[in-house]
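In the text below, chain A, chain B and the rest are named by the order of the sequence lines, each starting its count at 1.
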Amino acid sequence: MTTNDKSAAQAEHTQTAPGLEPNDRYDAQRIETKWMERWQSNPSLYAAEKDSSHKKYYVLEMLPYPSGVLHMGHVRNYSIGDALARYMWMNGYNVLHPMGWDSFGLPAENAAIQNNTPPREWTLRNIASMKAQMTRIGFAYDWSREVTTCLPEYYRWNQWFFLKLYEKGLAYRKKSKVNWCPKCATVLANEQVVGGRCWRHEDTVVEQRELEQWFLRITNYADELLRDLDKLEGWPEKVKTMQRNWIGRSEGTLVDFKLADPGDSANATITVFTTRVDTIFGATSVQLAPEHPLVQELAAKDPKLRAEVDQLIAEQRKAKEVGDIGAIEKHGVATGRFALNPFNGEKIPIWVANYILMDYGTGAIMSVPAHDERDYDFAKKFALNIRRVIVPRISHTDETAELTLPFTTMDGLLVNSGEFDGLSCADALKKMAGHAESKGFGKATVTYRLKDWGVSRQRYWGTPIPMLYCEKDGIVPVPEKDLPVILPEKIDVSLTGGSPLSHVPEFVNATCPKCGGCARRETDTMDTFVDSSWYFYRYTDAHNDHAPFDTKTANYWFSIDQYIGGVEHAILHLIYSRFWTKFMRDMGLVENDEPIHRLFTQGMVIKDGAKMSKSLGNVVSPDEMIARYGADSARMYSLFAAPPDRDLDWQDKGIEGIQRFLSRVYRFIHRNAQPDHSDRHKPVPADLTPEARNIQRKLHKTIKRVSDDFQGRWHFNTCIAAIMELVNELYAFEENARTASSANIPLLADVQRKLVIMLAPFAPYLAFELWEMLGETSNLLKESWPQYDPALAKEDEIEIPVQVSGKLRSVVTVPADATEELIKTAALNDDKIKKLIDGKQMVKLIVVPGKLVNLVVR
RNA sequence: GCCGGGAUGGCGGAAUUGGCAGACGCGCUGGACUUAGGAUCCAGUGCCCUAAAGGCGUGCAGGUUCAAGUCCUGUUCCCGGCACCA
């Protein structure tokens, strides 16, 4: 093409100011406002069908805490889910795509104190503004199923579940150590303790307090929670590993060591937990945690020991705060008392050591220095006996070699172990556990790191625990018919000291349902993780006021086909949810064992190398992005900038590229749409010009790439790139298309339609506008996804790289289905190649049809 | 310490099975159009070399192979999780 032709063609395309119509330019605000209004006027647009002949698909993003503003992490999370939901709709599924609010929790109470706004009002206002933001972005949620956990319609079912748990013995009350923040004057959950400090008061060290608390017996399900992880093929390995570690199953043996001189001790028996009972003949001391009851008992009578023990406790606590327990130097003190090894009657000293933790196992161990690294270090330091009781199987191969200690592997045989000598470690484990059990001083057991779930919170803004305390009848559950126990609204949340609810006499004073006498209401509220443990079932039947949900309906929708959220919930929310489902299954409420079929954890949004945060001043506001570039650009960029499972590095200029791309699409269709043309739905003819054929081929390759990504690895960044490539080719083709024969018109119409459909999951506003511009009247939301046609995607000719001794030297063009022979000939006849191999000896000739040629010469 | 993930141009990132490294986007350079351009369009853009030719190049060091970002061995650094778990 000459320069003149080019500029003439361009002049035609360029929109000059005088003739500029308002619609000639991509105006995101105009388009998005227009369609947002249309979509809002049709509330059932995204509603899941109740009785559907279509296959169901339940796609869910983790529900947000209504802080009041959406951040980029939300936008990214929801853009992934929204794209998927839209894709599934276009593939004919009955899609359930709901949204709700995890709206109980401490920030509402803080806001109440700071702004003098009641928590409920503050929360509901935040919900309204976040919902408006979501609507503005155009997320396709079925709002008729909206769940707001802080409303009685929802939390009454938390209470109902609590009663069921209590009935089944899965909810119980016990005194235990809890994290206490002196500044908040309340208990903190483990997850709210960061490095030993309060998550909201970085300068405040969390204390331990003994309190009566409600617990849920999640440990009853520990084994199943662990085992079923293997079923979760659609979960990231990383999350499953984290859960396995969290559950921390460990098989071992409990062994009772009696005090050699019990006197009148209340703790005359020390039960130790060991995974290596096979080494028990090598035990040369018993080591106790500083907080062990026997230690406390002894310390009470011995001021010197008291001081030493207190110091050990302080050390452990400090190490926990700093987060490097494990790095502190091992030391301890002898108590002066002795215990008897039940296997051989040996009298061994009892020590207290700072490396023994009260909250794992029994808080007591038998110390076997010869076969445990930690015990070895300790024994060396304090000159305790070290006795080998395991020898390596292969020791005879090198008798002169000194056998190094500690020897900690299981690959050995027992020695110095009385009747158990000669057994392998594995056999000894079984035999010796059996021996202990038959003699009544021990038994095989399984220990978990997982603890029962403490759900009591001394806070106001949560679900009241539906329990009463009657002087006569003790703990009495609130009868089901009296639910919900309503959270009172008129309350001064600034009062400290105990649970805020305890300052509300109207709430506290109640009547005992058993005896009719006076009762005191439980004033603690539930952990908000209770709310999020089952909310996704409520979506299936959100307005049921007879039950949390209808079983049949839930069974239709469950499991969740795809759950999407941040990896920070890998343990807590996701393990509680799994527990809740198992409990509901056991009570016959659902059929499925697991709530979530596939889980996707998206990466964080970072900027300038750090997580976005106010203190760093690197926060990008979605509102600002939407105002500047439009919602389509904002959400599409969040998918384009990185694969969704990786961290996304936000670049201010990057979103401009997306806006530019969307403008290009807009302009192309604006110029080429032919809404009045009756030919637009005509079948695409087979005899296209080569240029048109190229476009058709590119179209089908793009369809394949985009479809594959939705079904496979979800690398939306690459499939958006593929759509960009298609548009780039359309631009190159454009002049040809518009001047060439009318035969191209049906193709051009076809390409534009399919392009718009493929754009719809990523940039729905623009897609709907363009769909209309193309003269289409159908609902794009449920338009069918384009079918990939391999025949149309097939190349006629391909380029084959030709290497000489592994280095690229030339490229030959051959028919796509060229045989090995043909490719070889083409390569050997290539001028550049001929020159290079001239006079050389051909050592090897590799031809990979469709891929390359490599000529190895010498 | 243990378990994951990662390291590729100036930047974000491609390369799905061992087969042309750097798709796509940003940025930059040049050109066109324009009263103007922070709009748009076209072209170029890994590094070295004046250009051609050529050489080098996916954290580092080796290895396997006709061929390695991709597989193997060792190693460094970064991010995340767990951590005296008996």
Subject >> Rounded C1' spacing from B/U58 to B/G13 in Å >> reply: 13 Å
**OP:** Identify which nucleotide among B/C66, B/C85, B/G13 has an atom closest to any side-chain atom of A/L357, counting heavy atoms from C-beta outward.
**Re:** B/C85
Original post:
On the ring face of A/Y355, is A/K330 found with NZ or CZ under 6.0 Å from the centre and within 45° of the axis?
Top reply: yes
Original post:
Can you tell which of B/C41, B/C20, B/G27 lies closest to the side chain of A/Q803?
Top reply: B/C20
Subject >> Atom-pair distance (CG on A/D359; C1' on B/A83), nearest Å >> reply: 13 Å
**OP:** Check every atom of B/A14, B/C20, B/G27 against the side chain of A/L808 and return the nucleotide holding the closest atom.
**Re:** B/C20
**OP:** May I have the distance from A/E729 (atom CD) to B/A23 (atom P), rounded to whole angstrom?
**Re:** 15 Å
Original post:
Separation of A/K844 atom NZ from B/C66 atom P, in whole Å?
Top reply: 4 Å
Original post:
Does any donor-acceptor pair link the side chain of A/N245 with the base of B/C82 at a separation under 3.5 Å?
Top reply: no
Subject >> Of the listed nucleotides B/C24, B/G27, B/C41, the one nearest the side chain of A/K653 >> reply: B/G27
**OP:** Could you tell me whether A/R809 contacts a base, only the sugar-phosphate backbone, or nothing, with contacts defined as non-hydrogen atoms closer than 4.0 Å?
**Re:** sugar-phosphate
Original post:
Is A/F661 touching bases, backbone alone, or none of the nucleic acid, heavy atoms closer than 4.0 Å?
Top reply: nothing
Subject >> Nucleotide B/G80, atom P - distance to CE of A/M604 in whole Å >> reply: 7 Å
Original post:
Nearest-Å distance, CD1 (A/I655) to P (B/G12)?
Top reply: 18 Å
**OP:** Step through the shown structure and confirm whether more than 12 heavy atoms of other residues, nucleotides or ligands are within 6.0 Å of CD on A/Q711.
**Re:** yes
Original post:
Which value, in whole Å, describes the distance between the C1' atoms of nucleotides B/C47 and B/U8?
Top reply: 14 Å
**OP:** Determine the Euclidean distance between corresponding P atoms of B/G18 and B/G69; express it in Å to zero decimal places.
**Re:** 13 Å
**OP:** Taking atom CD of A/E251 as the centre, report whether more than 12 heavy atoms of other residues, nucleotides or ligands fall under 6.0 Å from it.
**Re:** no
Original post:
In whole angstrom, what separates A/Y376's OH from B/C84's C1'?
Top reply: 18 Å
Subject >> cation_pi(A/R667, A/Y26) dist<6.0 Å, angle<=45 >> reply: no
**OP:** Name the nucleic acid region contacted by A/I356, choosing base, sugar-phosphate or nothing; use a 4.0 angstrom heavy-atom cut-off, strictly under.
**Re:** base
Subject >> Minimum-distance nucleotide (side-chain atoms of A/K330 versus B/C82, B/G25, B/C84) >> reply: B/C84
**OP:** Could you give the distance separating B/C20 and B/A15 at their P atoms, to the nearest angstrom?
**Re:** 13 Å
**OP:** Using the C1' atoms only, state how far B/C24 lies from B/U35, rounded to an integer number of Å.
**Re:** 36 Å
**OP:** Determine the contact category for A/N728: base if any of its heavy atoms lies under 4.0 Å from a base atom, sugar-phosphate if only primed atoms, P, OP1 or OP2 are that close, otherwise nothing.
**Re:** sugar-phosphate
Subject >> A/R244 side chain near B/C2 phosphate (N/O to OP1/OP2, under 4.0 Å) >> reply: no
Subject >> For atom CG of A/L836 and atom C1' of B/G54, their distance in whole Å >> reply: 12 Å
**OP:** Decide if atom NZ of A/K824 counts as having more than 12 heavy atoms of other residues, nucleotides or ligands within a radius under 6.0 Å.
**Re:** no
Original post:
Out of B/G19, B/C84, B/G12, which nucleotide sits closest to the side chain of A/F640?
Top reply: B/G12
Subject >> Rounded interatomic separation in angstrom, taking CZ from A/R660 and P from B/G38 >> reply: 12 Å
Original post:
Name the one of A/L766, A/L759, A/I31 that satisfies side-chain contact (heavy atoms from CB on, under 4.5 Å) with A/D632?
Top reply: A/L766
**OP:** Return the nucleotide paired to B/C84: Watson-Crick means purine N1 to pyrimidine N3 with N6-O4 or O6-N4, wobble means G-U with N1-O2 and O6-N3, both under 3.5 Å.
**Re:** none
Original post:
Would one find a side-chain N or O of A/T447 under 4.0 angstrom from OP1 or OP2 of B/C85?
Top reply: no
Original post:
Do A/T601 and A/D645 have a side chain donor and acceptor closer than 3.5 Å?
Top reply: no
**OP:** Among the candidates B/A86, B/C20, B/C41, find the nucleotide nearest to the side-chain atoms of A/R374.
**Re:** B/A86
**OP:** Between B/A53 and B/G46, how far apart are the P atoms? Round to whole Å, please.
**Re:** 15 Å
Original post:
Would you say A/R671 reaches B/U40's phosphate, i.e. side-chain N/O to OP1/OP2 under 4.0 Å?
Top reply: no
Original post:
Between B/C56, B/G25, B/G13, which nucleotide gets closest to the side-chain atoms of A/K807?
Top reply: B/C56
Original post:
When you match A/D709 and A/V853 each to their closest nucleotide on RNA chain B, which lands nearer the 5' end?
Top reply: A/D709
Subject >> Whole-angstrom distance between B/G55 and B/A68, as gauged at atom P >> reply: 15 Å
**OP:** Give none if B/G27 has no partner; otherwise give the nucleotide forming a Watson-Crick or G-U wobble pair with it, both distances under 3.5 Å.
**Re:** B/U45
Original post:
Between A/R249 and B/C85, does any side-chain N or O lie under 4.0 Å from OP1 or OP2?
Top reply: no
Original post:
Out of B/C84, B/G27, B/A23, which nucleotide sits closest to the side chain of A/E656?
Top reply: B/G27
**OP:** Would you indicate which nucleotide in B/G6, B/G27, B/A86 comes nearest to any side-chain atom of A/F273?
**Re:** B/A86
Original post:
Less than 4.0 Å between a side-chain N and a carboxylate O, is that true for A/D223 and A/R249?
Top reply: yes
Original post:
Considering Watson-Crick and G-U wobble pairs with both distances under 3.5 Å, what does B/C20 pair with?
Top reply: none
Subject >> Watson-Crick/G-U partner (both atom distances under 3.5 Å) of B/U65 >> reply: none
Original post:
Touch check for A/D647, heavy atoms < 4.0 angstrom, all strands: base, sugar-phosphate only, or nothing?
Top reply: sugar-phosphate
Subject >> Watson-Crick/G-U partner (both atom distances under 3.5 Å) of B/G57 >> reply: none
Subject >> Pairwise 5' ranking along RNA chain B for A/R705 and A/K851, keeping only the more 5' one >> reply: A/R705
Original post:
Ion pair present between A/E237 and A/R244, side-chain N to carboxylate O less than 4.0 angstrom?
Top reply: yes
Original post:
In terms of base orientation, is B/G62 syn or anti, with the syn window spanning 90° either side of 0?
Top reply: anti
**OP:** Quick one: look up who B/U40 pairs with, Watson-Crick or G-U, both distances under 3.5 Å, and put none if it's unpaired.
**Re:** B/A32
**OP:** Could you let me know what B/G4 is paired to, Watson-Crick or G-U wobble, both distances under 3.5 Å, or none if it's on its own?
**Re:** B/C79
Original post:
Quantified in whole Å, what is the P atom distance between nucleotide B/G63 and nucleotide B/U70?
Top reply: 14 Å
Original post:
How is A/V856 classified with respect to the nucleic acid when contacts are heavy atoms under 4.0 Å: base, sugar-phosphate, or nothing?
Top reply: sugar-phosphate
